[in-house]
Amino acid sequence: MSKKSYEEINAKIKQGKAVVVTAEEVIDIAREEGLKSAAAKVDVVTTGTFGMMCSSGAFLNFWHTKPKMRMQQVWLNNVPAYAGIAAVDAYIGATELMEGDPANTRHPGHFRYGGGHVIEDLIAGKELQLRATSYGTDCYPLKKLEKTLTIDDLRDAFIMSPRNSYQNYNVGVNCADKTVYTYMGLLKPNMGNINYSTAGQLSPLLNDPYFRTIGVGTRIFLGGGIGFVCGPGTQHDHSGQRTTGGLPMGGAGTLAVTGDMKKMNSRYIRGVSMLGYGVSLMVGIGVPIPILDEDMLEFTCVTDADILSPVCDYGIKYPTGEPPELGYVTVAELKSGEVNFAGKCIPTAPLSSYPMAKEIATALKRWVSEGSFLLSRPAVLLPTVEGYERGE
Amino acid sequence: MSIDNNMVDKKVILRFTSELVEQPIVYQLVKEFNLVPNIIRAEVSPEKKGYLLLGLSGTEANYRRALICLQQQGLQVQSLVEQVSWDEHLCTQCGLCTGVCPSGALYLERPSLEVRFEGEKCVVCNMCIEACPAHAMRLDV
């Protein structure tokens with residue numbers, strides 16, 4: 001079997017000679033030319049996803065003030081940020097609510113603005129109100145600060161998200177007899193609708209299901225800029241059930257990611273409000289997959305029809321902590337607009353944007369083709385299925 | 001020609017209760033007011049409450065008289081001066097709205113899965129405004 005190294009692929013990228021295709025284009029190439037010939041021809045396959053990723057946030061450094069301040073509590077546009085870090089560092093989480101938000105006191109709450117929106121507004125270059133308070137120390141005497149700032153006034157601003165880019169994801173349905181408002185959207189009673197959230201055949205971790213090429217240090221597209229994989233995300237689970245083709249049949253792998261917000265584009269990172277649930281962040285991520293050998297090419301040929309996602313009851317079982325899975329459907333069925341499930345024809349709607357996922361995979365393809373984006377060999381690969389030989 | 005003879009082409013939502021569901025309302029609009037109705041959408045719930053989204057064309061005088069008559073019969077009449085609009089630039093193309101839209105005004109083009117909004121099918125139920133994560137749907141008055 002012919003093999004390519006990271007060094008060989010990067011040399012071709014630098015010369016502008018690398019063959020780079022998206023995770024959808026590669027499917028047709030392999031069908032027409034066969035796996036062996038396609039593996040020899042294609043150097044890099046680009047993936048993309050743009051969906052709600054709650055476990056996201058950003059570290060911000062405000063520069064030292066004059067006189068100096070040990071910020072104890074920090075708010076941006078009235079959204080609290082965690083300041084128990086150092087003098088002028090804070091962490092703004094995507095799901096943080098605005099102070100005084102009525103939340104679900106009048107159910108379902110609207111959650112118009114929160115941490116996710118602060119992150120989007122910073123990246124968009126908008127002006128934000130900073131408010132900070134402190135108890136004052138001999139070295140940091142200032143006790144109160146209020147100022148208007150943009151991202152240009154920050155010393156540092158980088159995304160540091162503990163869990164993004166779920167490999168596969170639950171499909172939401174509601175078995176209760178009343179409407180529920182969830183992070184999977186509004187779910188009508190008695191299985192009245194289905195919401196799903198996956199980039200399917202474009203999804204980064206479904207194109208490398210055993211994480212043969214993704215790990216600490218993998219250079220990625222993050223929010224319109226360049227980011228890196230820090231390692232496995234929280235709740236990364238490589239031990240769950242898989243299809244005969246090796247695809248996980250549930251959430252499974254996740255990524256912890258980081259990237260410089262000053263170089264991001266607010267088109268690819270958006271604060272969102274979920275009725276009755278809260279605020280969150282839609283994040284655009286694209287991971288380039290090096291075609292190291294024929295096996296890798298075959299993995300990237302995954303299609304929506306191969307991917308099984310678990311249909312979960314968010315009406316009764318999920319909230320109680322009972323196993324919510326009712327069965328499985330393919331992403332191809334979900335994308336068709338309706339699925340036949342449990343004897344019912346149920347209309348479907350996505351939460352994750354397919355057009356944007358495609359745009360991200362295409363943008364990353366352009367970056368790599370133009371020679372401006374090199375592939376990095378991970379320092380450590382993500383944990384994989386026990387006994388699976390990755391040929392490291 | 002008096003203003004009353006101006007021709008109008010309007011959209012209205014008629015909401016009716018279970019007592020009114022059996023009434024031949026559309027027939028009445030034609031017969032008594034010489035209006036041309038165009039039923040865009042109609043729905044009756046299991047409790048027999050319902051709504052009718054109608055296009056009505058005819059003279060302005062007849063249109064006004066018809067609305068008064070319908071209200072006197074106990075129908076709730078909402079003329080569609082309120083409109084839902086879609087801000088394409090704010091839209092993230094996620095498609096979640098298409099799952100709550102009852103009239104098919106918001107739908108996904110296939111296979112591209114791009115969000116489309118056909119304003120003329122909208123019944124101004126405001127569900128999309130509530131559900132859109134990116135605040136891309138707005139009520140214009």
Side-chain angles (χ1 to χ4, degrees), chain A residues 24 50-52 108-113 116-117 120 172 179 181 183-188 192-197 199-200 266-284 304 332 334-338 346-359, chain B residues 41-51 53 82 84-119 121-141:
Chain A
E24 289 193 324
F50 188 73
M52 205 173 85
H110 285 89
F111 308 97
R112 302 293 295 179
Y113 195 89
H117 301 92
E120 176 190 334
T179 298
Y181 301 87
Y183 72 84
M184 291 298 288
L186 182 160
L187 295 170
K188 297 174 193 173
N193 66 329
I194 273 181
N195 290 338
Y196 66 98
S197 185
S266 59
R267 177 172 174 77
Y268 302 104
I269 195 154
R270 294 284 305 276
V272 289
S273 308
M274 293 300 288
L275 185 64
Y277 172 70
V279 292
S280 187
L281 192 67
M282 281 183 93
V283 183
D304 290 334
L334 291 165
K335 277 189 177 173
S336 76
E338 52 187 31
I346 311 175
T348 67
L351 279 121
S352 169
S353 174
Y354 174 67
M356 289 295 288
K358 213 167 165 168
E359 185 176 315
Chain B
R41 177 141 183 114
E43 204 168 283
V44 179
S45 71
E47 307 88 62
K48 292 222 164 174
K49 283 181 182 173
Y51 72 84
L53 174 63
E82 286 183 342
V84 171
S85 67
W86 174 50
D87 188 331
E88 212 176 327
H89 299 291
L90 285 179
C91 177
T92 63
Q93 296 284 337
C94 75
L96 188 63
C97 57
T98 63
V100 297
C101 177
S103 68
L106 281 157
Y107 64 96
L108 290 175
E109 190 77 52
R110 291 199 154 75
S112 69
L113 298 191
E114 282 166 14
V115 175
R116 296 273 184 270
F117 179 57
E118 280 180 20
K121 286 190 187 161
C122 175
V123 295
V124 201
C125 72
N126 297 346
M127 279 309 296
C128 57
I129 297 172
E130 302 254 310
C132 173
H135 312 154
M137 305 306 297
R138 205 177 46 225
L139 188 66
D140 295 331
V141 181

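Side chains are part of it too, since the values below use all heavy atoms of this structure and drop only hydrogens, waters and symmetry mates. Lettering of chains follows the sequences in order, A, B, ..., and the numbering in each one begins at 1.
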Query raised in the report: Considering all heavy atoms of both residues, which atom of B/V123 and which atom of B/Y51 are nearest to each other, and what is their separation?
Result: CG1-CE1, 3.8 Å
**Report entry** Pick from B/P111, B/S112, B/A131 with the largest number of heavy-atom pairs that fall under 4.5 Å of chain A
**Finding:** B/S112
Report summary line: CG of A/L351 to CE of A/M184, rounded to nearest 0.5 Å, is 5.5 Å
Report summary line: Closest non-hydrogen atoms of B/R138 and B/I129, given as atom of the first, atom of the second and distance, are C-CD1, 3.8 Å
Report summary line: Tightest non-hydrogen contact, residues A/L281 and A/G116, listed as CD1-O, 3.3 Å
Query raised in the report: Got a second to check how far A/R270's CZ is from A/S280's OG, nearest 0.5 Å?
Result: 13.0 Å
Query raised in the report: Checking heavy atoms, do the side chain of A/P347, its backbone, both or neither come under 4.5 Å from chain B?
Result: neither
Report task. Could you tell me which of B/R110, B/E114, B/H89 has the largest number of non-hydrogen atom pairs under 4.5 Å with chain A? Result -> B/R110
Query raised in the report: B/C97 versus chain A, heavy atoms under 4.5 Å apart: side chain, backbone, both or neither?
Result: neither
Query raised in the report: What part of B/L113 lies closer than 4.5 angstrom to a heavy atom of chain A: side chain, backbone, both or neither?
Result: both
Query raised in the report: Using non-hydrogen atoms only, which part of A/S352 is less than 4.5 Å away from chain B: side chain, backbone, both, or neither?
Result: backbone
Query raised in the report: For the candidates B/H135, B/Q93, B/E130, which exhibits the highest count of non-hydrogen atom pairs separated by less than 4.5 Å from chain A?
Result: B/H135
**Report entry** Structural part of A/S336 lying under 4.5 Å from a heavy atom of chain B
**Finding:** backbone
Report summary line: salt bridge (Lys or Arg N to Asp or Glu O under 4.0 Å) filter on A/E338, not counting sequence neighbours, yields none
Requested in this report: Give, as side chain, backbone, both or neither, the part of A/F50 having an atom under 4.5 angstrom from any heavy atom of chain B.
Outcome: side chain
Query raised in the report: Between A/R112 and chain B, which part of the residue has a heavy atom less than 4.5 Å away: side chain, backbone, both or neither?
Result: both
Query raised in the report: What residue in A/M274, A/M356, A/H110 has the most heavy-atom pairs under 4.5 Å with chain B?
Result: A/H110
**Report entry** Contact leader toward chain B among A/S197, A/G276, A/G337, A/G185, where contacts are heavy-atom pairs under 4.5 Å
**Finding:** A/G337
Query raised in the report: Tell me, which pairs form a side-chain hydrogen bond (donor to acceptor under 3.5 Å, both in side chains) where one or both residues lie in residues 96-105 of chain B, sequence neighbours left out?
Result: none
Query raised in the report: Does atom CD of B/E109 have more than 12 heavy-atom neighbours, drawn from other residues, nucleotides or ligands, at distances under 6.0 Å?
Result: yes
**Report entry** Nearest-0.5 Å distance, SG of residue B/C122 to CG of residue B/L106
**Finding:** 7.5 Å
Requested in this report: Under 4.5 Å heavy-atom distance to chain B, tell me which part of A/K188 shows up: side chain, backbone, both or neither.
Outcome: side chain
Report summary line: Interface check, chain B: of A/A349, A/P350, A/G51, most non-hydrogen pairs under 4.5 Å belong to A/P350
